[in-house]
Amino acid sequence: MFISKIHIENFRSFENIEVELHEGINVITGHNNCGKSNLLIAMALIFDNTISRQLEVDDFYNGLSVEKLKESAPKIKITVTIMQSKDENLMSDELVTVSNWLVLLETPYQAQIQYEYFLSSGEEENYKKRVSGKESAKEIWKIIKSEYIRLYTYKIWAGNPDNRVVADGDSLRKFDYQFLNAIRDVERDMFSGRNSLLKRVIDFFMDYEIKSDKNLDEIQKSEKIKERKEEFAENADEIIKKLHMRLEAGNQEILSYAKDIGASFDKSEPGFEGELTESELYSVLKLIIKQETGMTLPIDKNGLGYNNLIFMSLLLSKMQADSNGKYMGSNAKVFPMLVIEEPEAHLHPTMQDKFIKFLNKNIEQKKVKQVFITTHSTFITAAVQLDDLICLYRDGNKARIAYPGRTFWDDIEGKQINETSKKYVQRFLDATKSNMLFAEKIIMVEGIAEQLLIPVLAEYTGTSLADNHVAVLQVGGRYFEHFLRLFDQKNPTAINRKIACITDIDPIRKKKNVKGASFEKCYPFEWGIEETVYEYKLNTALAEKYPEQPESNIRVFSQDKEFGKTLEYQMAWDNPSNDLLLTESISNAEELRDLMGMVKEKSIDDMIERMHGSEEKQRIVSAVKISTWEDSLKKKAIVSSRYLNSVGKGENALELASALKDNLLSKGTKNFVEIIVPEYITKAIKWVCE
């Protein structure tokens with residue numbers, strides 16, 4: 001069986017939310033205060049027998065309206081649904097454990113359990129009268145805190161809560177809820193065998209080669225272990241005898257003090273006696289780390305992150321022991337679950353990946369039934385499957401839930417899955433791109449140049465992307481649609497985030513009536529000038545699929561259809577006389593500097609004459625001469641084309657971003673150089689930050 005669903009009403013940050021879960025690992029992501037920890041605590045109120053289930057006023061959802069608070073005393077309800085696993089035997093202990101919780105008998109069976117925190121029924125009418133004349137929720141909550149919270153009680157209902165059948169404690173104790181919070185001291189919990197965790201693990205795995213020997217039956221195993229225990233007892237008795245012998249003279253001296261002080265009377269006197277058991281010796285065992293050199297290191301001298309991994313391995317070992325019926329008898333746990341809050345708080349990124357693999361292995365070996373992890377780590381989200389991810393986020397004051405893996409279903413019922421998109425996103429959702437699952441707003445771009453330049457260009461528009469919680473992510477020119485499925489509002493399981501897509505218009509052309517001809521890049525001033533020879537196209541498919549609509553959360557921004565091409569081309573087009581664009585790595589820097597200086601006062605012929613001879617020059621010159629554009633536009637086109645041909649994408653973008661940042665530092669001085677930010681980029685930044 002596995003926990004398939006949890007429904008939470010009026011608990012902390014949740015007014016009313018239902019979270020669907022699955023077998024294996026469930027990774028719950030989301031930004032701060034979206035409710036990740038509250039989800040785990042809600043589950044603990046049912047399954048964790050070590051915590052108090054009596055709550056306070058602050059545990060209620062505080063967004064309830066005055067009308068609702070007057071209508072009835074607020075209640076907290078947490079309902080968990082449990083389903084049959086795919087390979088579960090219907091004669092299993094699991095089904096026996098939840099047999100009294102069943103709400104659906106057919107396969108797969110469903111069981112339900114509900115925690116309810118409520119005002120006792122005898123006080124309900126008094127409550128309504130007490131708050132009837134109040135006008136504010138704050139005032140009512142004060143009354144609840146001072147007069148009624150002490151009268152609240154809780155129940156855990158088995159099966160349909162309408163039947164009011166209380167879940168028995170024995171069944172609840174069959175669930176092993178192991179919770180590791182983000183702030184923990186694992187070293188304190190595992191220094192030596194005195195600790196109950198380590199002691200239980202050692203006891204379970206003592207003589208494990210016998211316990212796990214498949215060639216022996218239970219009677220043979222018991223006999224072999226009994227022989228070892230008897231041998232140990234004999235050796236222990238010898239040790240005790242030697243202690244007595246070494247203490248004999250000293251014991252007489254101790255007795256002389258006892259007689260003198262009057263402790264010996266009525267023919268009685270103190271002495272020493274004792275026995276040595278295996279479990280008592282566990283306390284002398286200490287965890288160490290064996291190094292390759294042969295040296296050993298006490299666990300308390302080891303790194304915190306590594307110790308966390310060791311601690312989790314011990315915890316899983318304990319869970320294995322606790323769920324072993326032969327070892328624990330009728331006290332054995334039936335459903336071990338591991339709940340870990342922000343494992344990245346103690347683990348290096350490399351260890352985070354190893355940690356996920358470690359958990360998957362333990363699930364495969366059935367040492368733990370289900371794992372729940374909350375995280376802010378892009379390394380963890382990159383290491384798990386899309387179907388393992390559950391995204392909590394806030395839409396205004398409401399908590400919302402999204403399931404990235406389901407966004408690739410081509411219909412709401414999930415009958416068809418777009419495997420191509422899903423596999424692509426799964427493959428390329430690395431630690432960098434995983435940031436899209438956490439960001440509040442996103443600008444998706446085609447390449448490294450846009451990713452490097454747009455944050456600094458935003459500052460030139462007077463906007464800080466960081467202050468507006470906007471992430472700029474590179475997804476590749478042709479692959480926007482794969483990632484946009486994660487956010488498309490047409491799918492109810494998608495993440496509702498503002499997504500601005502910045503794409504290049506990329507004009508292309510293909511020769512007509514030529515067999516096997518393919519589309520090739522062309523300049524804006526070549527567009528449409530030879531329609532009898534070429535077929536022309538623009539990169540508008542994404543904009544057509546996501547047209548600009550007031551209610552849409554996805555919007556596409558690109559250059560002007562007549563004058564645009566790429567970001568580099570556009571930067572030069574909008575800043576044709578600005579040599580701040582000329583970075584160290586750019587080729588033809590001197591030519592470009594001269595051309596930029598000629599834009600305002602020289603003729604087109606002068607500019608053409610200054611250009612170095614090449615095939616590309618001849619192409620530009622030929623197209624410019626027959627273009628119908630006015631001369632001022634042709635001059636900008638010459639500079640933009642030559643600039644585009646002279647830059648290397650990544651290196652130039654990095655250098656230009658650095659130069660633009662340095663320029664910003666001189667803002668307000670005579671050294672500051674004005675930069676015109678391309679209009680489509682300005683619009684994208686303003687829209688996403690609204």
Side-chain angles (χ1 to χ4, degrees), residues 2-8 13-31 34-40 42-43 79-83 85-86 108 110 337 339-340 356 359-360 363 370-378 380-395 398-429 433-440 442 473 475 481-499 553-554:
F2 68 100
I3 297 171
S4 63
K5 191 189 310 180
I6 179 167
H7 190 112
I8 305 172
S13 54
F14 302 120
E15 180 180 15
N16 193 325
I17 193 170
E18 186 171 276
V19 182
E20 296 184 24
L21 305 162
H22 58 269
E23 295 187 67
I25 295 180
N26 295 262
V27 178
I28 302 153
T29 70
H31 53 77
C34 66
K36 299 188 297 299
S37 296
N38 290 340
L39 178 62
L40 301 185
M43 200 180 300
T79 309
V80 167
T81 302
I82 296 169
M83 284 187 66
S85 299
K86 292 178 183 178
Q110 284 189 22
M337 59 180 118
V339 185
I340 308 170
I356 293 296
L359 290 179
N360 277 317
I363 289 171
Q370 214 167 355
V371 176
F372 305 93
I373 301 169
T374 66
T375 186
H376 294 117
S377 170
T378 58
I380 288 178
T381 54
V384 298
Q385 297 296 305
L386 279 170
D387 290 332
D388 295 337
L389 295 174
I390 299 166
C391 295
L392 270 175
Y393 65 97
R394 300 202 71 79
D395 186 4
K398 301 291 184 181
R400 303 293 186 200
I401 196 79
Y403 305 92
R406 299 187 193 179
T407 59
F408 298 92
W409 294 354
D410 282 333
D411 57 50
I412 293 176
E413 296 180 0
K415 294 178 181 177
Q416 301 173 23
I417 299 177
N418 191 311
E419 288 291 349
T420 302
S421 286
K422 187 174 184 180
K423 286 179 179 177
Y424 182 87
V425 172
Q426 182 69 68
R427 180 179 178 186
F428 291 101
L429 195 66
K433 293 184 178 67
S434 287
N435 194 34
M436 67 176 66
L437 301 174
F438 301 93
E440 292 187 16
I442 300 167
L473 300 172
V475 297
E481 289 186 52
H482 296 314
F483 290 98
L484 287 176
R485 283 179 171 271
L486 297 170
F487 307 95
D488 194 337
Q489 285 182 318
K490 298 185 187 74
N491 191 318
T493 64
I495 307 169
N496 185 11
R497 288 279 180 266
K498 252 188 175 183
I499 314 293
N553 69 312
I554 298 174

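No experiment lies behind these values; they were computed from the predicted model shown.
Both the sub-6.0 Å distance and the 45° axial angle are not jointly satisfied by R427 relative to the ring of Y424.
Interatomic distance, CD1 of I28 versus CG of L389, reported as 10.5 Å (0.5 Å rounding). For the atom pair K5 NZ and L21 CG, the distance stands at 10.5 Å (nearest 0.5 Å). Once rounded to the nearest 0.5 Å, the distance linking CD1 of I373 with CG of L359 reads 5.0 Å. Interatomic distance, E18 CD to T79 OG1, rounded to the nearest 0.5 Å: 9.0 Å. The distance from the CG atom of N360 to the CD atom of Q385 is 8.5 Å, given to the nearest 0.5 Å. Between the CG atom of L392 and the CD1 atom of I401 there is a distance of 4.0 Å, given to the nearest 0.5 Å.
If you check the side chains of N418 and H482, you find no donor sitting under 3.5 Å from an acceptor.
Shown here for A399 and I17, the closest heavy-atom pair between the two residues is O-CD1, 3.8 Å. For the residue pair M83 and S4, the shortest heavy atom distance occurs at CG-OG, 3.3 Å. Contact detail for L437 and P404: the closest heavy-atom pair is CD2-CG, 4.3 Å. Taking both residues in full, the closest heavy atoms of L473 and N435 are given as CD2-CB, 4.2 Å, listed atom of the first, atom of the second, then distance.
With contacts defined as side-chain heavy-atom distances shorter than 4.5 Å, the pair T407/F483 does not qualify. Taking the side chain as every heavy atom from C-beta outward, Y393 and R497 approach each other to under 4.5 Å. In this structure the side chain of T374 never reaches within 4.5 angstrom of the side chain of V339, judged on heavy atoms. With a 4.5 Å cut-off on side-chain heavy atoms, L39 and V19 count as touching. A 4.5 Å side-chain heavy-atom check between T81 and E20 finds every atom pair outside the cut-off.
With D387 as the fixed residue, the side chain to side chain donor-acceptor pair (under 3.5 Å) test singles out one of Q426, K422, R406: K422.
In this view, E15 and K68, K398 satisfy the salt bridge (charged side-chain N to carboxylate O under 4.0 Å, His left out) rule, not counting sequence neighbours.
Aromatic ring centres of H31 and F438 lie farther apart than the 6.0 Å criterion allows.
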